[in-house]
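Just so it is clear, the model here is predicted, and its values are computed rather than measured.
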Amino acid sequence: MDQLRLDNISKRFGIIQALQNVTLSFPRGKVTALVGENGAGKSTLMKILMGVVHPDSGIIFVDDKAVKISHPIMARKLGFSAVFQEPLVFSHLSVLENLYMGQLERTRLGNIDRSAMRQKARPIFDELALSESILDADMGSLGIGYQQLVLIAQALLYQSQLIIFDEPTAILSAQETDHLFRIIHDLKESGHIILYVSHRLDELSEIADHATVLTDGQVVAGYQDRQWSAEDLVQKMSGHRIYTPINEPVNPPESLRVMLEIENLRVPPYFQPVSFSVKASEIVGFYGQVGSGRSELMQAIFGIGRYRSGKIRLQEETIAPKNSQEAMSCGIAYLPEDRREQGLFPSQTLIANMMAGGLNPFRRLLGLLDVSAIQRKTQDMVERLAIKTPGLTMPVSALSGGGQQKVLFARWLARGEVKVMIFDEPTRGIDIATKEEIHGLIRELAQKGLAIIVISSDLPEVLTLSHRIYVMRNGIISGHFINQGNLQEEILKASIGLSMSTPEIEVKA
C-alpha cells in the first residue's frame with residue numbers, strides 16, 4: 001500500500017454533521033497527525049476507516065482503487081489496524097491469546113497450535129523489545145504501555161499497512177512515550193502508513209511529518225514537512241469563533257458566598273494537589289482533553305472515588321464523604337457522564353428512576369410510602385421538564401437520550417436539599433433543542449442559589465454556560481479564567497500544555 005486517500009467523506013448523526021466533505025491523503029512511510037478539539041470529527045473518521053461507522057457519502061481509495069469498508073473484518077483484510085488510548089483487550093485471557101484473537105493458528109487436526117503462534121510472534125516481540133516471557137501472562141496484568149505494545153505486535157502479525165494511533169501517549173510515562181516513539185519511527189522507516197491522533201501538540205514536531213486540522217467536521221488546514229507551530233494549530237482548531245458568556249449571577253452580591261471549597265485534593269491516579277472553589281449561584285465549567293482527570297476529581301468529591309489527602313469544605317464545614325450516600329446527605333448531587341451505565345436503571349420505570357435519589361420525603365407513619373404523593377411528584381416533574389413519555393410506568397429505556405437525561409435532573413430536583421450540583425457531560429448525545437432546555441435548567445438552578453459545576457468536552461458549551469472556567473491537564477488545574485471576551489484559544493492552549501494560567505486566589509464573600 002503506497003497511499004490511502006479519502007475523497008469528500010461526509011457523515012451525519014441526526015442533526016449533527018460529524019464530517020463534511022473531508023478529503024485527505026496518507027502517504028506511505030510518513031506519520032500524518034490529525035488534530036482538532038473535542039467533537040471535531042477525529043473519532044468518527046477513525047471509526048470509518050476501521051469499518052465501525054459507514055460514511056453517508058464519499059469514497060475511500062487504496063492505491064487509487066475505491067474500497068468499501070463495510071465492517072471491521074474488511075478493514076483488517078485491507079491491512080488497517082488501530083491502537084486506541086484505552087486498549088481494547090480481553091483482560092482475563094493471556095497475552096498470546098489476545099495477540100492472535102481472530103486469527104488463531106491451528107494444527108492439521110484443527111487444534112490450536114500454540115507452538116506455531118509463539119514462533120511467529122517471537123521476531124515481532126524482538127523487534128518491539130518485548131520479552132517473550134509475557135506471552136503466558138494475563139493481559140490485564142500488564143500496564144497500559146505494554147498493552148499498547150501488544151496491540152502494535154498484533155497489527156504487525158496481521159501485516160497491517162495502516163496503523164492508527166489514537167491519543168497513544170495520554171496515559172503513558174515519559175519512558176514509555178520515548179519507547180513508543182522509537183517504534184513508530186521504525187514503523188515509518190519500514191514503509192507503514194501512520195495516522196497519529198493527539199491533542200498533545202507539543203509532541204507532534206517530534207513524531208509527525210504532516211499535520212491536518214479538523215474543526216467542526218471540516219478540514220481547515222494542512223501542513224507538510226513539519227512546517228507548523230503549536231500556536232498555528234491551536235489558532236486553526238479554535239476557528240476564531242466567538243462565544244458569548246452568560247450574564248452575571250442574578251442573585252444579589254451578598255449571596256455569592258463560597259459554597260464548595262476544595263483544598264489540595266490528591267486524587268488517584270494523579271499525584272498533584274488540586275484546589276478550586278464554587279460560589280452559590282455560580283456556574284463553574286471544567287474543560288480538558290481525554291484523560292485530564294476531571295471526572296475522577298468530581299467522583300472523589302461525590303464519594304465514588306477516593307482521594308489521598310486534602311480537604312473538602314461545604315459552606316465552610318469540612319466533610320469527608322466515604323460514599324455517594326454520605327455526599328448526598330451533605331447536599332452534593334452528581335449527574336454522571338454515562339447516564340445509561342452509571343445513572344439509570346434502564347429496565348425500571350420512569351417513577352422508579354426518578355425517585356431513586358431518596359424516598360424519605362414520601363414516607364408516612366411507620367415508614368410506609370405515600371404512593372399517591374410519589375405519583376403526583378413524578379407527574380409534576382414530567383410536566384415541569386417537558387419529558388415526552390406515554391406513561392409513568394414506562395421503562396426509562398424507552399425514552400429518548402434527552403428524556404433520559406431529564407429524568408436524572410428530575411431525580412435531584414425531587415430530592416431537594418441540594419447545595420452543589422455536578423454535571424458531567426450533561427448534553428452528550430442530545431439534540432440541539434433539548435440541549436438548550438437543559439442549559440436553561442442549569443441556569444435556573446444557579447439562579448435559585450445552587451453552586452453548579454459543569455464538566456464538558458464541548459468547549460462552546462463551557463463558554464456559553466460558565467461564569468468561570470477551570471482547565472485540567474494530567475490531573476492538575478492548568479488554567480483558570482473569568483469568562484469574559486474571546487477565550488477559546490487560551491483555553492485550548494491550557495488544555496494541551498502550551499500555557500499555564502495560575503489560578504487566582506479567591507476571597508470568600
Side-chain angles (χ1 to χ4, degrees), residues 257-263 265 267-268 274 276-284 286 294-307 310-346 348-364 367 369-370 373-374 377-378 380-381 384-385 387 396 404-426 438 441-442 444-455:
R257 65 192 183 281
V258 173
M259 182 72 76
L260 178 69
E261 187 175 17
I262 305 302
E263 180 182 341
L265 211 65
V267 179
V274 174
F276 70 92
S277 66
V278 188
K279 297 177 181 179
S281 297
E282 186 180 35
I283 302 174
V284 172
F286 272 76
R294 299 164 302 165
S295 294
E296 291 85 351
L297 173 62
M298 299 307 164
Q299 288 169 2
I301 295 170
F302 189 61
I304 300 175
R306 289 284 182 262
Y307 58 93
K311 293 183 179 180
I312 302 172
R313 295 192 185 93
L314 186 65
Q315 290 181 314
E316 300 186 356
E317 180 181 346
T318 299
I319 62 172
K322 298 181 178 63
N323 51 54
S324 58
Q325 190 63 41
E326 288 188 11
M328 290 161 60
S329 66
C330 292
I332 301 176
Y334 174 67
L335 272 73
E337 175 182 8
D338 190 334
R339 57 179 172 266
R340 289 188 63 86
E341 294 296 327
Q342 299 173 314
L344 296 171
F345 305 96
Q348 297 298 312
T349 66
L350 188 149
I351 294 178
N353 274 275
M354 202 175 287
M355 294 298 132
L359 292 170
N360 286 336
F362 305 99
R363 294 191 185 280
R364 299 185 296 187
L369 291 175
D370 188 339
I374 290 174
K377 187 66 173 180
T378 304
D380 176 60
M381 287 293 153
R384 179 180 171 187
L385 301 183
I387 300 173
V396 75
Q404 292 175 12
Q405 191 74 334
K406 287 181 179 181
V407 169
L408 289 180
F409 270 75
R411 178 185 295 173
W412 294 111
L413 293 176
R415 177 183 174 86
E417 302 176 355
V418 175
K419 301 170 184 175
V420 178
M421 289 280 286
I422 303 171
F423 297 97
D424 197 342
E425 304 289 359
I438 288 177
L441 290 170
I442 291 173
E444 180 184 332
L445 292 171
Q447 291 171 6
K448 290 182 176 180
L450 275 69
I452 306 293
I453 296 173
V454 175
I455 305 170

Minimal non-hydrogen separation, [X] against [Y], with atom names:
X	Y	result
A446	I283	CB-CG1, 3.7 Å
S281	G449	OG-CA, 3.3 Å
A327	P321	N-CB, 3.7 Å

Candidate pair I387 and F409, rule side-chain contact (heavy atoms from CB on, under 4.5 Å), full reasoning: CA-CA 11 Å; I387 300 173; F409 270 75; over 6 Å; no

Measuring only between side-chain heavy atoms, which start at C-beta, is [X] closer than 4.5 Å to [Y]?
X	Y	value
M259	V278	no
V284	I452	no
Y307	L297	no
L385	L441	yes
I312	I262	yes

I need the [X] [atom1] to [Y] [atom2] distance, nearest 0.5 Å.
X	Y	atom1	atom2	answer
L314	I319	CG	CD1	5.0 Å
Q348	L350	CD	CG	11.5 Å
K311	E261	NZ	CD	10.0 Å
I332	I301	CD1	CD1	7.0 Å
S324	Q299	OG	CD	11.0 Å
N323	E326	CG	CD	4.5 Å

What pairs with F302 under ring pair (Phe, Tyr, Trp, His ring centres under 6.0 Å), at least two apart in sequence or on another chain? Y334

Quick one: list whatever passes ring pair (Phe, Tyr, Trp, His ring centres under 6.0 Å) with F286, sequence neighbours left out. F276, Y470

Treating Q405 as the side-chain partner and P426 as the backbone partner, does any N or O pair qualify as donor plus acceptor under 3.5 Å? yes

Does [X] have any side-chain hydrogen bond (donor to acceptor under 3.5 Å, both in side chains) partners at least two apart in sequence or in another chain, and if so, which?
X	value
R306	none
K419	Q315
S295	D424
E263	R313

Between E444 and R384, does any side-chain N to carboxylate O distance fall below 4.0 Å? yes

Applying the side-chain contact (heavy atoms from CB on, under 4.5 Å) test to I453, which of R294, M298, E282 qualifies? M298

